[in-house]
Amino acid sequence: MQLKRVVVTGLGALTPIGNNPDEYWQGLSTGVSGAAPITRFDAEKFKTRFACEIKNYDPLDHFDRKEARKMDPFTQYAHIVAEQAVQDSGIDLDKIDVDRAGVIWGAGIGGLKTFQDEVMNFAAGDGTPKYNPFFIPKMIADIAPGMISIKYGFRGPNFTTVSACASGTNALLDSFNYIRLGMADMFISGGSEAAVTESGVGGFNAMKALSERNDSPETASRPFDKDRDGFVLGEGAACLILEELEHAKARGAKIYAELIGGGMSADAHHMTAPHPEGIGATNVMKNAIKDANISPEEVDYINVHGTSTPLGDLSESSAIKNVFGAHAYDLNISSTKSMTGHLLGAAGAIEAAACIMAIQNQVAPPTINHFTDDEAFDAKLNFTFNKAQNRDIKVALSNTFGFGGHNTSIIFRKFEG
Amino acid sequence: MSDIAQKVKSIIIDKLGVEESEVNAEASFTNDLGADSLDTVELIMEFEKEFNISIPDDQAENIGTVGQAITYLEENAK
């Protein structure tokens, strides 16, 4: 069967460096760090006391009190970016077939704050269960797409993908597949996460996954630097409107880019450590390139997973060399997590948005915070250190990898009819 | 209005996000004030917390309006 083509017709973003796509791109292209001391809770006793939080966020700017109270922050963020993207797409909700319009969302954890607050409340009592009736429906990771479908009346496929830090990309790839198989016309798709809580920071600290550079939060996320010491936890969301090409054309939609392929693989190696030779990461990029029916030489820009952990950055750079050979040196490579921090289940969504805006603007955003070369990396690779670079970008690839050994890659191409 | 009635009304206004003018004695939580079944459970829990009592399920089922809540709590609150 002939697969349908899928295009991006709307964008939404709520990130630590910008509360809409324009602000987000402004931050990305000028190399702004979103890291700062934690304000969400008193972090004095924590090993890590900073994170990349959303700035100037008041739920009452977006929801009435009753709505806000019934939604965990990860669902609030999802609603905000979905609304931005729907508005941006110019779609007339009265003119689409809502049975063929779905919502597929990525969340690595879901309502962590809700879970934590309810359990702490129980623990503070005398053992009598006094759980709020909204505890479960607020906390479950699939509530975000559920609530979005209620708002827009979309009755097509609806669920959440959970693959830790690859969740957002898995959501986009599922949406892509349903559309190209002809099973739906469009999706509101993306990811959100809100894990800057005591249990989130404490839990990742216990794994020694987080940077502990408390004296300089804004330089803590330093992927591919010799002194990288872990990732910086971020929060937020991004949303893409993915639409079948003819459906988009028929309504005269503006088209940001075409989603041309994706790949998935597993490391089958360790709970949290990446495969040392990057087998999963190598396979996933190869799978995506094959799926997109392009040659590796056509890729111009890679938005890497690059979380700023000692092992992860190494295995990913080895994988890039495995996949691209000599062309690896012609690529612009960058980790935008150097600016946004790591948004876990939303990472794939905000980084897909970064790739799309990189194609639009013909600019590769930088890997900021590069101070000291690490001889473990091939010095001929161009990590786009510290400053954005102008570049003719036709094809951009984004990698995301999750604890559990889940790997995903997604490829966008400049839309040329 | 008794203190209890005032407290009950402010809980309802807060939890259901409604205006004070809507919260009259006859107003039904579900039919008039937009509550769903989960909102109703949450309201009962708030009454229990505020008035430090435990409302058995079979009695909670009979609290469907603002007036019924006020009457029950005036009779049972410690």
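Numbers restart at 1 for each chain; the letters A, B, ... are given by sequence-line order, proteins then strands.
- Other residues, nucleotides and ligands place no more than 12 heavy atoms under 6.0 Å from the NZ atom of Lys49(B).
- Heavy-atom distances place the side chain of Glu48(B), and not its backbone, under 4.5 Å from chain A.
- The neighbour count for Lys138(A) NZ, taken as heavy atoms of other residues, nucleotides or ligands under 6.0 Å away, is above 12.
- Dense packing is recorded around CG of Asp92(A), with more than 12 heavy atoms of other residues, nucleotides or ligands lying under 6.0 Å away.
- For the pair Asp14(B) and Arg69(A), the salt-bridge criterion is not met [side-chain N within less than 4.0 Å of a carboxylate O].
- Counting heavy atoms of neighbouring residues, nucleotides and ligands inside a 6.0 Å radius, atom CZ of Phe115(A) does not exceed 12 of them.
- Looking at every heavy atom in both residues, Glu42(B) comes nearest to Asn132(A) through OE2-ND2, 2.7 Å.
- Dense packing is recorded around CG of Asn31(B), with more than 12 heavy atoms of other residues, nucleotides or ligands lying under 6.0 Å away.
- Arg65(A) and Ile13(B) make their closest contact through NH2-O, 3.8 Å (heavy atoms, listed as atom of the first residue, atom of the second, distance).
- Looking at Lys15(B), the atoms closer than 4.5 Å to chain A (heavy atoms on both sides) sit in the backbone and in the side chain alike.
- Phe135(A) does not touch chain B: none of its heavy atoms, backbone or side chain, sits under 4.5 Å away.
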Step-by-step side-chain contact (heavy atoms from CB on, under 4.5 Å) determination, Lys66(A) to Val18(B): CA-CA 9 Å; Lys66(A) 187 182 169 193; Val18(B) 290; over 6 Å; no

